Amino acid sequence: MPDIVSLLKEKRTFQPSADFTSSANWNKKTTAEYRRLAARNPNRFWAKMAKENVSWFTPWKKVLDWKPPFAKWFVGGKLNISYNCLDRHLEGPNAWRRNKAAIIWEGEPGDSRVITYGELHREVCRFANVLKERGIKKGDRVALYMPMVPELAIAILACTRIGAVHSVVFGGFSAEALRERINDAGAKLVVTADGGYRRGEPNALKPAVDAALRRTPSVENVIVVKRTGEPTRMKKKRDHWWHELMEGASSRCAPAKLDSEHPLFILYTSGTTGKPKGILHTTGGYLTHVTTTSKVLFDLKDTDTYWCTADIGWITGHSYVVYGILANGATTLMYEGVPTHPGPDRFWDIIERWGVTIFYTAPTAIRTFVRLGDEHPKKHDLSSLRLLGTVGEPINPEAWMWYHRVIGGKRCPIVDTWWQTETGGIMITPLPASMPTKPGSATLPFPGIEAAIYDNDGREASASDGGFLVVRKPWPGMLRGIWGDPKRFVETYWSRYKNTYFTGDGAHRDSDGYFWIMGRVDDVMNISGHRIGTMEVESALVSHNKVAESAVVGRPDDLTGTAIVAFVTPKAGAKVSGAFAAQLRDHVAKQIGPIAKPKDIRFTDALPKTRSGKIMRRLLRDIASGKENIGDTTTLEDYSVIAALRSDDDS
Ligand code: WT7
């Protein structure tokens, strides 16, 4: 792995400023105490966090029940997440938050809404009542396929109020992908919108719902938010306008007292097979994890305006746009559209106008901004910012330095946070007030998280070799299973090492013990911080009637981190052309969504295979990244010649 070598050369370190440290939620002293406690007794540490940061109706009887690989946290405890995110900011010493902004929302066309805690509470209660009237009960699944509008946050909070299980499907996924996810979860109700705004145009969503719902027997009702006002077909009895149902709904709804292990949500993510996995998270442990990490590493205060640019359709949006932030009573900013509309300075304009103090985004976005030029952020006053964060993929040190210098004005600590859909919350991260950061390193595990790097045999890997990133002990926010597929849960995460969670990432540690994440080691690609399985794209391609076989690999890309390259063997008689390639790209977009579109499609007579019939993926990766010169790519290639030069052990 050449990247290890180049990263090992990174020697710069950055100390937190005295200013930041002196007023931080966790200063050096508290951090040291908590680290000690967590190292000695992680359960006691997490119990302390659960008590300090979460409100319980009934205390738990047992902190952790661990029957590997099945964990139950805060057993016997009862709570409600919407209560934690809303009601407790309206009563007692926090009652002044009633008229504090909970959500600042900005639409892409420039319209905006500020929703106070009091108002958000009323809206959530009303929508919870709407769900109940539509027959939704505790444990029922509700699918959400929406743009980034406040109603999405309202809807998921309403689900938590009554104990319904939400399954948010990112609005960029296709009708086909939506249908698959609705059916897998057996959702009874779908919440959607007529559309949202993207790149200055209304982008319809409801037609995809209509297409998906042609074969979804479990769905009884669809609730549609009017966002764009574009003409929208409504199916009698099944489809209802959000605003019409809300009109008559009461704004009182008692929060259900839910068991700590009550299912909270399902979120689908890609794995190494063609079928996405429904990652299941539950209530008490998850809330403890995301609330604690939000408070500590974003250093959330009542005076902050926090902005995470992730869509709620991804785990980052669940944990760090909505739950972790509102549970702390902070102000969360939501933005509907693309970063470059109407101009390349939209993000910086938002930061200046709303006085954003904490900004959390993805390396791929930072690389895009680097390329767009410093003049765009420089046009704006970004002095309100006091902390920056990144998530989703490794950040290259140069992009980190740019973020530090141009956006952070050299005064803001940067938290490079490593975690996954499965981990629920942040796992490896700097604590901004108490330790030096290094560009490109996620630094150290959060207290109470036992991360390690193993070699093939389950021994700690040496620093220079690196190895597989694992987690040795259960943690509160961990996934509780894969919806409907316990076997896959055990096989994917718990079979490589005994009683140890396998992350699928490669990593190494430096002499300070800092972690450097190298990226996925399985057949999962990270495209702009989003996970796409090679198998998923392959099965989308072979579902096209002119494709015989296909192999998909990732290649490094300056902007998106990884770009998708598809090798395709057409069926006999299919004519190879640029138009055919374009057709295939559209086909993948239809099957999965535009993010899964291959950047390059290469046609081949036959895929290079070993004598035992295994596709030579390493060879394909080399060809894709230009390490093997294969000449003109618009024609049908025969890679068997190159394949013959390679040994059989290619994998
Ligand atoms: C994969 C998880 C969890 C938030 C968004 C992605 C990669 C995530 C980092 C980071 C290096 C990172 C890993 C991980 N990743 N954060 N700070 N440094 N890599 O969630 O879709 O579940 O993807 O994203 O490869 O396994 P996800």
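Count residues from 1 along the sequence. Everything numeric in this text was worked out from a predicted model, so none of it was measured. All ligand and atom numbering here is 1-based and tracks the order in the structure.
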Check the pair Arg35 / Ser434 against side-chain hydrogen bond (donor to acceptor under 3.5 Å, both in side chains), numbers first and verdict last. CA-CA 11 Å; Arg35 276 209 195 281; Ser434 57; 5.6 Å; no

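For Asp485, there are no salt bridge (charged side-chain N to carboxylate O under 4.0 Å, His left out) partners two or more places apart in sequence or in a different chain. Residues forming a side chain to side chain donor-acceptor pair (under 3.5 Å) with Tyr286 (at least two apart in sequence, or on another chain): Ser319.
Protein residues are said to neighbour a ligand when one of their heavy atoms lies under 4.0 Å from it; for ligand 1 these are Ile315, Thr316, Val391, Gly392, Glu393, Pro394, Asp416, Thr417, Trp418, Trp419, Gln420, Thr421, Asp505, Ile517, Arg520, Asn526, Gly529, Arg531.
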Per-pair distances, 0.1 Å, donor-acceptor, side chain in residues 306-317, under 3.5 Å, sequence neighbours excluded:
residue	atom	partner	partner atom	Å
Tyr306	OH	Tyr320	O	2.6
Thr309	OG1	Thr361	OG1	2.8
Asp311	OD1	Gly313	N	2.7

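Looking at Met435 and Tyr514, their side chains come closer than 4.5 Å, going by heavy atoms from C-beta outward.
For Tyr501 and Trp494, the distance between ring centers is under 6.0 angstrom.
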